[in-house]
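This is a predicted model, so every value here is computed, not measured.
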Amino acid sequence: MGKCSGRCTLVAFCCLQLVAALERQIFDFLGYQWAPILANFLHIMAVILGIFGTVQYRSRYLILYAAWLVLWVGWNAFIICFYLEVGQLSQDRDFIMTFNTSLHRSWWMENGPGCLVTPVLNSRLALEDHHVISVTGCLLDYPYIEALSSALQIFLALFGFVFACYVSKVFLEEEDSFDFIGGFDSYGYQAPQKTSHLQLQPLYTIPLDTM
């Protein structure tokens, strides 16, 4: 029962991670955020690998999934620092999320809750094929939305890491006990026995004094 509850909890957290990653992938596509798009794709593959390893009792897949979660936590921590401009990071100077290929920002910048977008005409700051806009009235600015999204990813990753380590430990202990007992012998396996087709006939003896 304990093993089943651990596996079921891990699968549930993996499903939550998958839904959250797909939701984030959609908004990153809308905002042309190429670096998060690539990271989200790798994360989705790792979560699917974790679900497969949990269902199929593959401890190695769970170990790979747990190792990826460590990198995923680090990546999301960097995103939080980037959007909150911690240290020397600056959104106006660093375009890491788009691999420095465009000036696009987060989709939430113009589509956040309560945001009012006003185009600025004849602005000297506008580059070629670009326009300047003014965003006002947002109930929550887009850096905080991105930071909260990354914080949710870290929360799910930490719980997924703990349960992945626990379930993989259970699987490894079962594999060790299976090999120690002797493979199929622990499950009452018996090798088929050869049956002889030679039938034994009774042997009759005749006393000598009757002859």
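Transitive grouping of hydrophobic side chains (ILVMFWY, heavy atoms separated by less than 4.5 Å) brings Ile51 and Tyr57 into a common cluster. In terms of hydrophobic clustering, with Ile, Leu, Val, Met, Phe, Trp and Tyr side chains grouped at heavy-atom distances under 4.5 Å, Ile154 and Phe27 are assigned to a common cluster. One hydrophobic cluster, built from ILVMFWY side chains closer than 4.5 Å, cannot hold both Phe163 and Val19; they sit in different ones. Hydrophobic clustering of Ile, Leu, Val, Met, Phe, Trp and Tyr side chains at less than 4.5 Å, counting indirect connections, keeps Phe161 apart from Ile63. One hydrophobic cluster, built from ILVMFWY side chains closer than 4.5 Å, cannot hold both Leu49 and Phe13; they sit in different ones.
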Worksheet entry | Criterion side-chain contact (heavy atoms from CB on, under 4.5 Å) on Val86 and Phe78, from CA distance to verdict | CA-CA 9 Å; Val86 177; Phe78 169 76; over 6 Å; no

Item to complete: For Met109 and Cys138, run side-chain contact (heavy atoms from CB on, under 4.5 Å): C-alpha distance rounded to whole Å, both residues' side-chain angles, the deciding distance at 0.1 Å, then the answer.
Response: CA-CA 9 Å; Met109 179 180 180; Cys138 294; over 6 Å; no

Worksheet item: Could you walk me through whether Asn111 and Leu30 pass the side-chain contact (heavy atoms from CB on, under 4.5 Å) check?
Response: CA-CA 11 Å; Asn111 301 275; Leu30 294 175; over 6 Å; no

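Phe171 approaches Thr54 most closely through the heavy-atom pair CZ-O, 3.9 Å. Of all heavy-atom pairs between Pro36 and Gln33, the closest is CD-O, 3.2 Å. Shortest non-hydrogen contact noted between Ser59 and Ser168 is CB-O, 4.0 Å. A pairwise comparison of heavy atoms in Gly160 and Leu10 identifies O-CD1, 3.8 Å as the closest pair. Closest of all the heavy-atom pairs between Ser106 and Tyr142 is CB-CD1, 3.7 Å. The shortest non-hydrogen separation linking Val117 to Glu110 is CG2-O, 3.4 Å.
Ring pair Phe159/Phe155: centre-to-centre distance below 6.0 Å.
In this structure, the separation between CZ on Phe82 and CE on Met97 is 5.0 Å, given to the nearest 0.5 Å. Taken to the nearest 0.5 Å, the NE2 atom of His43 stands 7.5 Å off from the CG atom of Asn76. Taken from SG in Cys14 to CD1 in Ile48, the straight-line distance is 10.5 Å, to the nearest 0.5 Å. Interatomic distance, Leu38 CG to Trp75 CH2, rounded to the nearest 0.5 Å: 8.5 Å. The line from CG of Asp28 to CD1 of Ile37 is 6.0 Å long, rounded to the nearest 0.5 Å. Within the model, atoms CG of Leu148 and OH of Tyr144 stand 10.5 Å from one another, a figure rounded to the nearest 0.5 Å.
Both tests do not hold together for Arg105 against Tyr83: distance to the six-membered ring centre under 6.0 Å, angle to the ring axis within 45°.
At distances below 3.5 Å, not a single donor-acceptor pair connects side-chain atoms of Ser149 with backbone N or O atoms of Ile145. A distance-only check finds no donor-acceptor pair linking the side chain of Gln153 to the backbone of Val73 [under 3.5 Å].
Residues Leu71 and Trp68 have side chains in contact (heavy-atom distance under 4.5 Å, counting atoms from C-beta outward).
When the options Arg58, Gln17, Arg60 are evaluated for a side chain to side chain donor-acceptor pair (under 3.5 Å) with Tyr65, the one that passes is Gln17. Just one residue in the list Leu18, Leu16, Leu156, Leu22 forms a side-chain contact (heavy atoms from CB on, under 4.5 Å) with Val47, and that residue is Leu18.
Applying the 6.0 Å contact sphere to CZ of Phe52 captures more than 12 heavy atoms from other residues, nucleotides or ligands.
Using the six-membered ring where Trp is involved, Trp34 and Phe29 have ring planes that are perpendicular, over 60° apart on the 30 and 60° scheme.
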